[in-house]
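The figures here come from the full heavy-atom set of this structure, side chains too, leaving out hydrogens, waters and symmetry mates. Numbering starts at 1 and runs along the sequence shown.
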Amino acid sequence: MSLLQEERNIIVQNKYADNFDFAEIEEFIKNASKNLFISHHFKNSKKMLVQPRGGFPTYKKMFSLYEFFVGADVDVLPCTIDSNTRLNDYATSAKMLKLSEENEVDMLNGYPLVNHGYRTTRKMMTHFDKPISLRHGTPDARLLIETALASGIFEIEGGPITYLLPYSKNFPLDKAFMYWKYVERVCANYSKLNEPINRESFGPLTATLVPPCVTIVIQLCEMLLSLEEGVKSFSVSFSQTGSMIQDIVTAKVLRKMAKVYAEQIGCGDARINLVYHQWMGAFPSNKDFSESLINTSTVIAMMVKADKIITKTRDEAFGIPTRESNAKTVANTQYTLRMLHGIPDITDEMEEEILTEEVKSIMEAVFNDKADTLWRKVFNSIKAGIIDVPYSPHIINHNEVVTVRDKNKNIRIIKRGNLPISERCFEYEKSKCDLNKDASSIVTDIIHDIGIMQW
């Protein structure tokens, strides 16, 4: 028995989980409908896939949500996991699930997949014959991912960096790398049985003034860590930044560099997809403005030629959106996409050149770390501030990079911390901003920039 299988046998021995029958699960995945695999749709669909967010605690409400979404022309169903499961607190999830079922009041903010178990959940996931995307935010997702794959969920979002730095303060980063290495290997092994399991990174990060070079470098690192374990379908992603031209340039550089680095490690045969998130920052309280923001996101998604768009709703400023609100956004997004054809290819050569140079400089510094494995190189780079995510709550993140928006709403680096970008690039970034203001005015600008879509 392999070391990985020994670890798998231990992971699934949890009193809140099903008794795992790995032979039966392999047979299920081997014979599963290809429609359940988003990698199959990425390969064969001629349109951008549209996916909302959503998750309820009880089976009954989750099933009803999917019925509603299918009627609303959704391409990809979401399975958002509750926050207790994200913390591996299955005991609390079990208690809250029972209260939800008894009182018909939602006591969880998502679907407690481990507690429901894969045998029950599989009935729902296979019923609709559509791809399902798992969204969770869990640093140690080993049991959750085993349960998801056994249930028929063949797209797994997250990664050791993107699910840790924006969400956690103390969880050890080195453990996160090890736990996600397990996830990648399980996904790679199951990918040999049918269509590939798709892994998707979470590009929005803190969704707060993250400079494109940092977003791209983290996407590339998580992609490489996944591909080196044998994953053959991977989605890089990012969210609307607030600048149309910066989004277009980001997409171009991200696609270009993903191809370069995948080939560099001998994984050029893997399919790399691009996912675009509609605005992830604070929404306006005016719902008409929210709809305008969402429509603008959809236009940009078409301009960057995304393979999938993940939607938001007009109710984001007022709490968890209803299924009706989610369905309305999906319908509007599909309608807008049908109108958008023949959009000219727009570019900004100078912006693309600068961003490409910044990404290359940071990636070179990561690769030059003396560690013997890629995950250790990335780990050391985060510890050293070579990779630094603005406004991350995690104690390991340096938080020395400072960014503001220029007059065209582009995110610019005005304090680079330990980011190894060249003087030429740094001077270019600063030249776009008015830095003659006093410190308090710059702080006021940053506060305004964080909530820019609320104005």
For residues [X] and [Y], is any side-chain donor paired with an opposing acceptor at under 3.5 Å?
X    : Y    : value
R122 : H116 : no
N332 : T329 : no
T313 : N326 : no
S235 : E200 : no
N31  : E27  : yes
E155 : S133 : yes
S285 : Q454 : no

Does a side-chain heavy-atom distance below 4.5 Å link Q51 with R135?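 Heavy-atom side-chain distance check passes, below 4.5 Å.
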Restricting to non-hydrogen atoms, name the atom on F69 and the atom on R323 that form the minimum distance, rounded to 0.1 Å.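 Scanning both residues completely, I find the closest heavy atoms to be CE2-O, 4.0 Å.
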Closest contact, heavy atoms only, V231 versus S233: CG1-O, 3.3 Å
Measure from the ring center of [X] to the ring center of [Y] and say whether it is less than 6.0 Å.
X    : Y    : value
H136 : Y163 : yes
F20  : Y118 : yes
F63  : H127 : yes

Pair E157 + R199: basic N to acidic O under 4.0 Å: no
Relative to each other, are the rings of F177 and W375 parallel, tilted or perpendicular (30° and 60° limits)? tilted
Check the pair Y276, F238 against ring-ring contact (aromatic ring centres under 6.0 Å, His included), reporting the backbone distance first and the verdict last. CA-CA 6 Å; Y276 186 74; F238 71 104; 5.3 Å; yes
